Number of protein chains: 2
Amino acid sequence: MDSHAAHIHYGHMHEPQDINTDAPPTLADVAAAAGVSTATVSRCLNNPELVTEKTLERVLAAVDHLGYSPNFSARALASRRTNMIGAIIPTMDNAIFARGLQAFQEELQKNGCTLLVASSSYKQDLEEEQIKALTARGADALLLIGYHRDPGIYAFLEKRRIPVLVAWAYDPAKPYLCVGFRNRDAMKRLAEKVLEAGHRKLGCITAETAANDRARERVDGIRDAMAAADLAPDTLEIVETTYSIESGDQAFRQLMQDTDTPTAIMCGNDVLAVGALRAAADMGLRVPEDVSITGFDNIELASVSPQPLTTVHVPHRRMGQYAAQALMKVLSGGDVPASLELPADLCMRATLAPPRKP
Amino acid sequence: MDSHAAHIHYGHMHEPQDINTDAPPTLADVAAAAGVSTATVSRCLNNPELVTEKTLERVLAAVDHLGYSPNFSARALASRRTNMIGAIIPTMDNAIFARGLQAFQEELQKNGCTLLVASSSYKQDLEEEQIKALTARGADALLLIGYHRDPGIYAFLEKRRIPVLVAWAYDPAKPYLCVGFRNRDAMKRLAEKVLEAGHRKLGCITAETAANDRARERVDGIRDAMAAADLAPDTLEIVETTYSIESGDQAFRQLMQDTDTPTAIMCGNDVLAVGALRAAADMGLRVPEDVSITGFDNIELASVSPQPLTTVHVPHRRMGQYAAQALMKVLSGGDVPASLELPADLCMRATLAPPRKP
DNA sequence: GCCTCAAATGTAAGCGTTTACATTTTTCAT
DNA sequence: ATGAAAAATGTAAACGCTTACATTTGAGGC
């Protein structure tokens with residue numbers, strides 16, 4: 001059975017010196033070794049159905065023997081496709097994006113695509129820069145977080161025909177493919193629970209809202225619930241701060257230093273909430289007896305903090321996974337995938353209770 | 001002063017139809033617009049010092065006018081350099097790698113390089129696959145975690161002349177560029193503290209050691225300290241498990257179910273330790289009065305868990321940053337950077353105390 | 001066997017850069 | 001002014017692949 005393998009002659013017999021050269025083998029080397037043209041080798045690799053079983057076998061043997069692996073730059077140049085997908089996230093330091101990105105990457109991998117990563121540090125101008133940088137690098141498509149960005153940048157992407165998917169937000173009114181949930185609605189539902197518990201004076205610790213529509217929407221969700229309960233909007237005391245436990249701690253102290261302090265503090269994310277929890281403990285305030293605190297995201301932190309945090313569960317991994325699937329579908333040119341709304345369910349745990357009677 | 005700008009004629013006057021074509025402009029377009037050769041344009045972009053101020057200005061104006069941005073695939077093909085650096089980490093789900101990667105990426109960005117990410121899920125064969133995949137993609141250099149891998153893969157990388165940097169470990173005896181700390185020594189120091197506190201029966205919860213030299217080294221560190229204190233090696237009860245809070249929880253219960261249970265449980269990382277902490281609370285065991293628990297990594301989790309965790313601080317961000325700097329230096333062809341040992345200091349907090357007297 | 005048509009393969013022109021090398025222009029000592 | 005050397009620019013050949021188109025091969029109906 002091996003006999004006809006011996007008929008394959010690898011390399012040119014008249015050019016013995018190019019055996020074992022240190023440059024990696026090229027398509028042409030494989031073609032020569034298999035005794036076919038480069039076009040056929042290319043076909044074997046990319047469209048095997050266009051090729052006889054016999055040649056396929058022979059070519060694959062040569063590929064194997066030579067240890068050939070295609071040069072992606074050349075492939076990209078010729079096919080005008082890089083098979084690289086870019087993701088621009090605020091920061092990987094934030095567990096929610098790290099988790100989502102991990103799922104995104106796993107899914108891309110299954111489809112032979114590679115993940116190109118850049119981060120914007122929650123800065124709008126930096127994000128624009130990164131979008132330009134990754135498209136310049138040839139990213140075939142882009143994963144972006146939230147809707148908020150300059151219309152010019154959307155125009156730029158459209159003109160370049162770069163498919164884009166917005167994640168961590170869902171708004172069917174917007175003309176972009178997206179996967180996520182309704183931040184505003186989710187926070188409104190949580191705020192309703194807070195109001196139902198009897199709280200009338202609320203505080204809010206939020207990430208900076210300037211370039212962050214998710215944060216903004218969550219604050220608006222609280223306002224919606226308050227309005228529905230006929231509470232004056234200015235009853236809501238808001239502190240805007242950066243993303244860290246320490247910031248949450250500081251912000252909590254700031255909210256609690258005045259007279260007539262809020263009886264419930266709603267935080268824009270779990271990290272801030274855990275900071276608030278820490279500050280409360282440090283100030284000798286019991287949660288939820290003396291003050292209620294809520295979070296958002298349901299990261300691991302939320303389940304092991306001193307009191308299990310009442311928060312909103314966000315399906316980070318599913319978002320990352322669907323994002324990859326949708327983008328792959330767009331690139332394959334098939335039918336356009338639909339935007340997907342995922343549920344963001346309340347996690348009622350231990351840090352919300354009725355306010356102390358005065 | 002503007003007058004001579006008017007002398008620049010953009011585009012060929014005899015080819016009016018190629019204005020506003022949808023394909024992005026190429027080097028040749030810029031060259032034509034500026035009235036120079038493509039070589040000159042290329043020089044303006046890559047080696048401006050080789051070009052007259054006047055032409056530079058003219059070319060840059062054309063670049064600007066046309067909105068030209070170089071095609072990276074073509075550039076990579078011609079220059080045999082992709083300016084992409086690959087990182088293969090176990091998982092971004094793990095905060096320590098997410099943090100390190102974030103710093104790594106920030107530093108790369110400063111140097112005009114892009115980050116290519118893949119994850120191995122702590123599986124050796126998957127890691128090999130990813131190494132091959134990223135090199136095939138043309139990664140100019142690679143960031144790898146820990147030393148443990150098949151010698152064949154090191155040979156492969158050497159043959160391909162792909163610079164590699166090992167992070168999260170430091171072993172001057174190994175022939176690879178690295179940045180990290182001595183896992184074994186750090187854990188040994190922590191174990192010494194545990195023994196000094198009077199513990200004689202230790203337990204250990206570790207991540208799977210098969211393909212994870214960091215985990216293995218940490219366990220060995222405990223053994224070292226025990227040996228130095230003349231304790232029989234089999235006094236150490238070890239449970240090996242996967243990386244998650246829940247696993248830490250389970251493992252703790254397992255260790256504590258026998259008679260003659262350990263008085264101190266040393267965990268291979270903070271996540272497992274937090275799980276142990278949770279299990280202890282659930283079982284009605286007070287920490288550290290009834291049992292001591294230690295972690296490793298000093299992630300945020302460790303400072304906000306019910307009891308502040310005694311652990312080892314690992315400088316994740318500095319590792320990521322130095323890794324990028326070192327790799328950039330290697331690629332620039334200058335002097336070879338040195339491996340860097342970073343300190344891993346003990347964080348003595350609230351979960352370690354002397355054992356209860358029996 | 002012959003012809004037609006489809007399947008398989010080959011040929012060669014790109015893809016958009018970089019970079020030796022060749023050529024032209026400038027500088028400057030004479 | 002002149003010539004040599006240096007600086008600036010141009011020419012054109014890679015880089016390694018894909019793919020439209022041309023050519024060859026083979027199958028099947030007659």
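A, B, ... follow the sequence lines: proteins, then strands. Residue 1 opens every chain. Treat the numbers as computed from the prediction; the structure is a model and nothing was measured.
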### Task
Between B/N71 and A/V36, just flag the one whose closest nucleotide in DNA chain C comes earlier from the 5' side.
A/V36

### Message
Tell me whether A/T91 contacts the main-chain N or O of A/D93 through its side chain, where contact means a donor paired with an acceptor under 3.5 Å.
### Response
yes

### Message
Would you say B/N71 and A/R80 are linked by a side-chain donor-acceptor pair, where the criterion is simply a distance under 3.5 Å?
### Response
no

### Message
Below 4.0 angstrom, which residues in residues 40-49 of chain B have at least one non-hydrogen atom near DNA chain C?
### Response
B/S42, B/N46

### Query
When rounded to the nearest 0.5 angstrom, what distance separates CD1 in B/I88 from CD in B/E127?
6.0 Å

### Query
How many Å lie between CZ on A/R80 and C1' on C/dG16, as a whole number?
9 Å

### Query
Has the side chain of B/D150 got a donor or acceptor atom that lies under 3.5 Å from a matching backbone atom of B/G152?
yes

### Message
Could you tell me how far apart B/L27 (CG) and C/dT19 (P) are, to the nearest whole angstrom?
### Response
12 Å

### Message
Tell me whether B/D140 contacts the main-chain N or O of B/R81 through its side chain, where contact means a donor paired with an acceptor under 3.5 Å.
### Response
no

### Query
Any side-chain donor paired with an acceptor under 3.5 Å for B/E106 and B/Q321?
no

#### Entry: Donor-acceptor pair between B/Q130 and B/S119 side chains, under 3.5 angstrom
no

### Query
Considering only heavy atoms from C-beta outward, does the side chain of A/K123 approach that of A/E129 to under 4.5 Å?
no

### First-last contacting nucleotides on DNA chain D - partner chain A, under 4.0 angstrom, heavy atom
D/dG16 to D/dT19

### Task
For DNA chain C, find the residues of residues 134-142 of chain B with a heavy-atom distance under 4.0 Å and give them by number; none if there aren't any.
none

### Query
Counting distance only, does the side-chain N/O of A/Q105 pair as donor-acceptor with the main-chain N or O of A/L115 below 3.5 Å?
no

### Task
By nearest nucleotide on DNA chain D, pick out whichever of B/T55 and B/A74 is the more 5' one.
B/T55

### Query
Is it the case that A/N46 and A/R75 place a side-chain donor and acceptor less than 3.5 Å from each other?
yes

### Task
Write down the distance between CG (A/L77) and P (C/dG16), rounded to a whole number of angstrom.
7 Å

### Side chain proximity check, A/R149 to A/Y154, heavy atoms < 4.5 angstrom
yes

